[in-house]
Amino acid sequence: MIEAIMESHYIKSLPYLLEGIMWTLGITIFGLILGFIVGAIAGLGRISKSSIIRGIATVYVEVVRGTPILVQVLFIYYGLTEDLIGFNIDKLTAAIIAITINAGAYIAEIVRGAVDSIDKGQHEAGRTVGLTERQTMRYIVWPQAFKRMIPPLGNQFIISLKDTSLFSVIAVGEVLYMAKQYYNQNFSQTETLLMVCLLYLLITIPTSVYLRRLERKLDV
C-alpha cells in the first residue's frame, strides 16, 4: 500500500511542483513589494491636488485594470522587442514587471480608498498643531490608513498568487508550467493537476483565515 502511494504520480510529481511553487511565491512576493511602491505612488497621485498628476495616475490605473494580465505579460515579453526598446526582456523579468504593474494598479485603489477613509478632522488636527500638509500625511493620516490597507493587501496577495499561473504561457517556471512539464512526460494530467490545486489551497486557505483574524484584531 505504502509502496503504491510512493510510486503514484501524486508523490512523484511533488519535486517538480515544489520547485514551481517556490518560483510562484518568489515572483508573487517580489512583484507585490514593487507593486506596493508603484501602487502607493499612484494611489497618492490619484488624490493629488495637481490635475496633471491625478490624470496620469488615473490613466495608469484605468488602463491596467481594463486589460487582462495575460495580455499585459504577452505585450511585455513579445511586444517590447529589441527593435523597439534596444534589448529583449527575459521571461522572468517580464513576469515580475507584469505582476508589479498589474498589482500596482489595484494597490493604488487600495491606497486611495484607505487615505480617503480617514476622517477629514484628522487633517485639520494636524494643521492645528502646526504640522505641514506633508507632515500631517506622514505622521497622522498614513499610519491610520496603512492599518486599513493590510486586509485588502492580503487579498491582493492571493489574487496575484493565482495570476502567476498565467505566466506559464511564456514558459516561466512557476507551478503550472512545472506541472505541464511533468504530465507531458508521464501522461498523468489528473493526478498532477490535483496536486497543483492542493498546493494552491495550502497557501490560500491559511492566508484567508489569517486575514479574517487580522481584520477582526485590527477592527477595520
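Nothing here was measured: the structure is a model prediction, and the numbers come from that model.
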Do Val73 and Leu166 have side chains that get closer than 4.5 Å, going by heavy atoms?
no
Determine whether the aromatic ring centres of residues Tyr183 and His9 are separated by less than 6.0 angstrom.
no
Using side-chain heavy atoms (C-beta onward) and a distance below 4.5 Å, is Ile33 in contact with Thr100?
no
Would you say the side chain of Tyr78 lies within less than 4.5 Å of the side chain of Ile170, judging by non-hydrogen atoms?
yes
I need the Asp83 CG to Leu80 CG distance, nearest 0.5 Å.
12.0 Å
Quick check: do Thr207 and Phe157 have side-chain heavy atoms less than 4.5 Å from each other?
yes
Taking C-beta and beyond as the side chain, do Pro206 and Val209 meet within less than 4.5 Å on heavy atoms?
no
Does atom CD1 (Ile52) have a neighbourhood of more than 12 heavy atoms from anything else shown, all under 6.0 Å?
no
Euclidean distance, Gln72 CD relative to Ile99 CD1, rounded to 0.5 Å
9.5 Å
Side chains of Glu62 and Thr58: do they bring a donor and an acceptor to under 3.5 Å?
no
Ile69-Tyr77 co-clustered via ILVMFWY side chain contacts under 4.5 Å
yes
Determine, using the 4.5 Å side-chain heavy-atom cutoff (strictly less than), whether Val63 and Ile107 are members of one ILVMFWY cluster.
no
Is Leu92 reachable from Met22 through a run of I, L, V, M, F, W or Y residues, each pair having side-chain heavy atoms under 4.5 Å apart?
no
Do the side chain of Ser165 and the main chain of Lys162 share a donor and acceptor less than 3.5 angstrom apart?
yes
Would you say the side-chain atoms of Asn186 pair up with the backbone N or O of Ser188, donor to acceptor, closer than 3.5 Å?
no
What is the distance from atom OG1 of Thr136 to atom CD1 of Ile118, rounded to the nearest 0.5 Å?
13.0 Å
Quick check: closest heavy atoms across Gly173 and Tyr177, and the distance to 0.1 Å?
CA-CD2, 3.7 Å
Any donor-acceptor pair under 3.5 Å from Glu109 side chain to Ala105 backbone:
no
Let me see the working for Trp142 and Leu44 under side-chain contact (heavy atoms from CB on, under 4.5 Å), right down to the final yes or no.
CA-CA 11 Å; Trp142 184 261; Leu44 293 176; 4.3 Å; yes
Return yes if some donor-acceptor pair links the side-chain N/O of Glu19 with the main-chain N/O of Met178 below 3.5 Å, else return no.
no
Check the pair Ser8 / Ile11 against side-chain contact (heavy atoms from CB on, under 4.5 Å), numbers first and verdict last.
CA-CA 6 Å; Ser8 72; Ile11 300 300; 3.9 Å; yes
Would you compute the distance between atom CD1 of Ile97 and atom CG of Asn102 and round it to the nearest 0.5 angstrom?
13.5 Å
Answer whether the closest heavy-atom distance between the side chains of Trp23 and Val172 falls below 4.5 Å.
no
Do Leu211 and Phe146 share a hydrophobic cluster (ILVMFWY, side-chain heavy atoms under 4.5 Å, transitive)?
yes
Are the side chains of Tyr200 and Leu161 in touch, meaning some heavy atoms are under 4.5 Å apart?
yes
What pair of heavy atoms forms the shortest contact from Ala145 to Ala114, and how long is it?
O-CB, 3.5 Å
Would you mind checking if Lys12 and Glu191 are paired as a salt bridge, meaning a charged N to carboxylate O distance below 4.0 Å?
no
Please determine whether a side-chain nitrogen of the Lys or Arg among Glu215 and Arg148 lies less than 4.0 Å from a carboxylate oxygen of the Asp or Glu.
no
If you take all heavy atoms of Leu32 and Ala103, which pair is closest and at what distance?
CD2-CB, 3.5 Å
When you look at Glu174 and Lys180, which way does the salt bridge (Lys or Arg N to Asp or Glu O under 4.0 Å) test go after all the steps?
CA-CA 10 Å; Glu174 48 72 52; Lys180 288 179 181 176; over 6 Å; no
Can a side-chain donor-acceptor contact be found between Asp90 and Thr93 if the only test is distance below 3.5 angstrom?
yes
Apply side-chain contact (heavy atoms from CB on, under 4.5 Å) to residues Tyr16 and Gln185 and explain how you reach the verdict.
CA-CA 12 Å; Tyr16 284 80; Gln185 296 173 21; 3.8 Å; yes
side-chain hydrogen bond (donor to acceptor under 3.5 Å, both in side chains) between Thr128 and Glu124, intermediate numbers included:
CA-CA 6 Å; Thr128 302; Glu124 295 168 2; over 6 Å; no
Minimum side-chain heavy-atom gap Ile203-Ile21 below 4.5 Å
yes
Is it the case that one hydrophobic cluster holds both Val61 and Val38, taking links as side-chain heavy atoms less than 4.5 Å apart, direct or via other members?
yes
Do you know the tightest heavy-atom contact between Ile140 and Gly126?
CD1-CA, 3.6 Å
Donor-acceptor check, side chain of Gln135 to backbone of Thr132, threshold 3.5 angstrom: yes or no?
yes
Tightest non-hydrogen contact, residues Thr81 and Asn88, listed as C-OD1, 4.0 Å
When rounded to the nearest 0.5 Å, the distance separating CG of Leu17 from CE of Met195 is 6.5 Å
Could you check whether any side-chain N or O of Arg54 sits under 3.5 Å from a backbone N or O of Ser48, counting only pairs where one atom can act as donor and the other as acceptor?
yes
Can you tell me how far the CG atom of Asn155 sits from the OH atom of Tyr106, to the nearest 0.5 Å?
13.5 Å
Taking all heavy atoms of Ala179 and all of Val196, pick out the closest pair and write down the distance.
CB-CG2, 3.5 Å
